[in-house]
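For reference, positions follow the sequence shown, starting with 1.
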Amino acid sequence: MSLQTHGCAEKDIVDPESQHTDTEEGESLSPRRVQLELRPGRAHTFQVHVKPQRKQKAVDVYFLTSLSANNRGKGHRAKLLAEKALTGIAKSNPELEVHTLGYGLFGHTNVTDKEQKQCEEAGEVCEPELYVTHSSAAPLDLSHWHRPWRTEGGLQALMQVALCKDVVNWGQNDRIVIYATDGTYQVAPEAESVNSSMCQMNNSRIQTKISLPSVSELRKVLLENNIQVIFAVPFDYLHEYGSLQMKLPRARVVYVDVSDPSDYNFEEPFDRVRTSLVLTHSPVQGLNITYRPLCEYSFGGDHQGTCYTRGRHKQKTQTFNVTVSSESCVLPASFEIKSLTHQESLTVELTPRCSCECGDEPDPELCNYAGNPVCGKCRCDAGYFGSWCECSVSDDDGPCRQGRGAPVCLGRGVCVCGQCECHSSLGGRYYGRYCQCDDFSCDMLEGKICGGHGRCKCGKCVCEEGYVGDACDCSTEVDRCQSPDGSLCSGHGQCKCNKCECQDVYAGALCEDCPVC
């Protein structure tokens, strides 16, 4: 309408849309090949149909346990956890063929003052070392090896289990790693990950410097090696590993008290992993790919789409809406969308729709003698950019740096004539003078940004009325702290997040008990 208002004839208006064509059908996954013509700024959605697996494949299972969990309490915790898990697998599906491939233990310790002093005397730099052990017969009993084991390097150990195919003896069956720990994990920032994707296990043991993987690197390795992970963690870490689960292919989290493995309910998460239908992909530069499953019980997002099939729906074909978009012109390419259920893939052959044959006459003056108009916009010569090719790559980029030595636009955009033009990521677009802000990296609670009680603004949660906290996880209500006499916490404590924190000698939900009074 704007073009017509300015006198453009309708026959001269070129407005191509994104479109696709199914060029090859499949049986378990359909279509198997798609030709996609994608215009920047015009998202396009196509449907993928996935059939459930009719014949059960055998399962290869590997148990990976932290040394801190193994050595907790009396007995050999890794062995007890594995036995309980195998019992749960057999109970959930008695006809399933299960192969236990091995048992791993992992952990690292901080450098002691004595070790630090020895390193300094030798002119060396002391760094914590990660220990990873592997046994194919039974978990090694290292319960006597009492050291202050830490768990932060566990995802590096998980990477090694995935990469060391010959050591673990991964076969052609479905692959599941049961990762049991009583502590947290750490990952490298996406831009700083230097972890080598190579097997380092020698003689069934690794002793190496900690080199953490990024989430995207771990996701890529698990995806390429068709490995699903079930995280078995205590209650205090369910949320933390739940957030990680959403970013990994076909992962699940289950509660387990490592000090009492008899309370280890494994049937439900194993059944979920086995019966869920999942579509996912490896990251594709410049593209945003999202999934929206159309089934009753589902989870969609940027990384993958999951249908949880139940009862009569287990044998029903499920449909996924796959949406592809780009903010700028991308090169012709192809990428794969994988079905983790069948290990089949859909190939998408991408052709960008970035140009129109408008019949423009050359007019270098219009584009500052650094380009020519194409469809009413300047297409700049190499080394020039801007709406009218008014900017040169040799221009000073100082105004785009937050401080001396800081990266241009914090590495999240490009400097255009002294101003940052910010990139987009899978979660949304960066913004701000230096691209320092985004509205998708706020703290999360139960898989929801700002706990579902606020909105993310420039990396911080702006909470709704009645909630405070970094993740809007703290209610300002006091009704659960109200004692029968009308006081808060019986006058013996403070009400924080609608929960009583009692003074030293008092106890109970309302600080009503005093054992020593």
Rounded to the nearest 0.5 Å, what's the gap from [atom1] on [X] to [atom2] on [Y]? Could you check?
X    : Y    : atom1 : atom2 : value
S345 : L279 : OG    : CG    : 11.0 Å
L64  : L158 : CG    : CG    : 6.5 Å
C391 : F385 : SG    : CZ    : 5.0 Å
K338 : T280 : NZ    : OG1   : 9.0 Å
I449 : R455 : CD1   : CZ    : 13.0 Å
K51  : L29  : NZ    : CG    : 11.0 Å

Heavy-atom side-chain contact between [X] and [Y] under 4.5 Å:
X    : Y    : answer
R433 : C420 : no
W170 : L101 : yes
L222 : L248 : yes
L445 : H239 : yes
E336 : V348 : no
F320 : V278 : no
L218 : M159 : yes
V34  : L346 : yes

Just by distance, do the side chain of [X] and the backbone of [Y] share a donor-acceptor pair under 3.5 Å?
X    : Y    : result
D60  : G171 : yes
N225 : V221 : yes
R39  : S18  : no
Q160 : M198 : yes
R401 : A406 : yes
N372 : D363 : yes
S326 : S328 : yes
Q156 : S211 : yes

Nearest heavy atoms of [X] and [Y], plus distance in Å:
X    : Y    : answer
P373 : L366 : CB-CD2, 4.0 Å
Q402 : L410 : OE1-CD2, 3.5 Å
Y384 : C389 : CD2-O, 4.1 Å
L38  : V324 : CD1-O, 3.6 Å
G418 : P399 : O-CB, 3.5 Å
G452 : E464 : O-OE2, 4.0 Å

Cysteines [X] and [Y] with SG distance under 2.5 Å:
X    : Y    : result
C450 : C456 : no
C435 : C422 : yes
C199 : C164 : yes
C354 : C329 : yes
C461 : C472 : no
C400 : C409 : no

**Report entry** Enclosure of Q4 CD (heavy-atom neighbours >12, cutoff 6.0 Å)
**Finding:**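 Yes, the 6.0 Å shell around CD holds more than 12 heavy atoms from other groups.
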Query raised in the report: Do other residues, nucleotides or ligands put more than 12 heavy atoms under 6.0 Å from the CG atom of D470?
Result: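 It does not: D470 CG has 12 such atoms or fewer within range.
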Requested in this report: Applying side-chain hydrogen bond (donor to acceptor under 3.5 Å, both in side chains), name anything that partners E97, two or more places apart in sequence or on another chain.
Outcome: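 side-chain hydrogen bond (donor to acceptor under 3.5 Å, both in side chains) list for E97, sorted by chain: H99.
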Query raised in the report: Of all residues at least two apart in sequence or in a different chain, which pass the side-chain hydrogen bond (donor to acceptor under 3.5 Å, both in side chains) check with Y291?
Result: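 With neighbours one apart ignored, the set is H281.
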Query raised in the report: Can you list every pair that meets side chain to side chain donor-acceptor pair (under 3.5 Å) and has a residue in residues 436-451, with sequence neighbours left out?
Result: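 Residue pairs with at least one partner in residues 436-451: Y431-D439, D438-S441.
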Requested in this report: Go through the steps to decide whether I227 and V161 satisfy the test side-chain contact (heavy atoms from CB on, under 4.5 Å), and finish with yes or no.
Outcome: CA-CA 10 Å; I227 290 178; V161 169; 5.6 Å; no
Query - Reference residue S30; test side chain to side chain donor-acceptor pair (under 3.5 Å); the match among E25, E24, H49 - result: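 The option that passes is E25.
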Query raised in the report: Is it true that the side chains of N368 and E390 contain a donor and an acceptor less than 3.5 Å apart?
Result: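 No, no side-chain donor-acceptor pair sits under 3.5 Å.
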Query - Polar contact flag, side-chain donor to acceptor under 3.5 angstrom, T23-T21 - result: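 The answer is no; no qualifying pair exists.
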Requested in this report: Test L244 against L155 for side-chain contact (heavy atoms from CB on, under 4.5 Å), laying out the working first.
Outcome: CA-CA 11 Å; L244 177 63; L155 298 187; 4.1 Å; yes
Query - H20 and F46 aromatic ring geometry - parallel, tilted or perpendicular at 30°/60° bounds - result: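 Ring orientation, 0 to 90° scale: tilted.
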**Report entry** Derivation and outcome, side-chain contact (heavy atoms from CB on, under 4.5 Å), residues Y179 and F106
**Finding:** CA-CA 10 Å; Y179 179 110; F106 70 87; 3.5 Å; yes
Query raised in the report: Do the charged groups of R353 and E17 touch, with an N to O distance under 4.0 Å?
Result: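 A salt bridge is absent here (no side-chain N lies under 4.0 Å from a carboxylate O).
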Query raised in the report: With respect to Y185, which candidate in F231, Y237, Y241 satisfies the ring pair (Phe, Tyr, Trp, His ring centres under 6.0 Å) definition?
Result: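 Exactly one option meets the ring pair (Phe, Tyr, Trp, His ring centres under 6.0 Å) with Y185, and it is Y241.
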Requested in this report: Mind running side-chain contact (heavy atoms from CB on, under 4.5 Å) on V414 and H423 for me, showing each step along the way?
Outcome: CA-CA 8 Å; V414 294; H423 296 323; 3.9 Å; yes
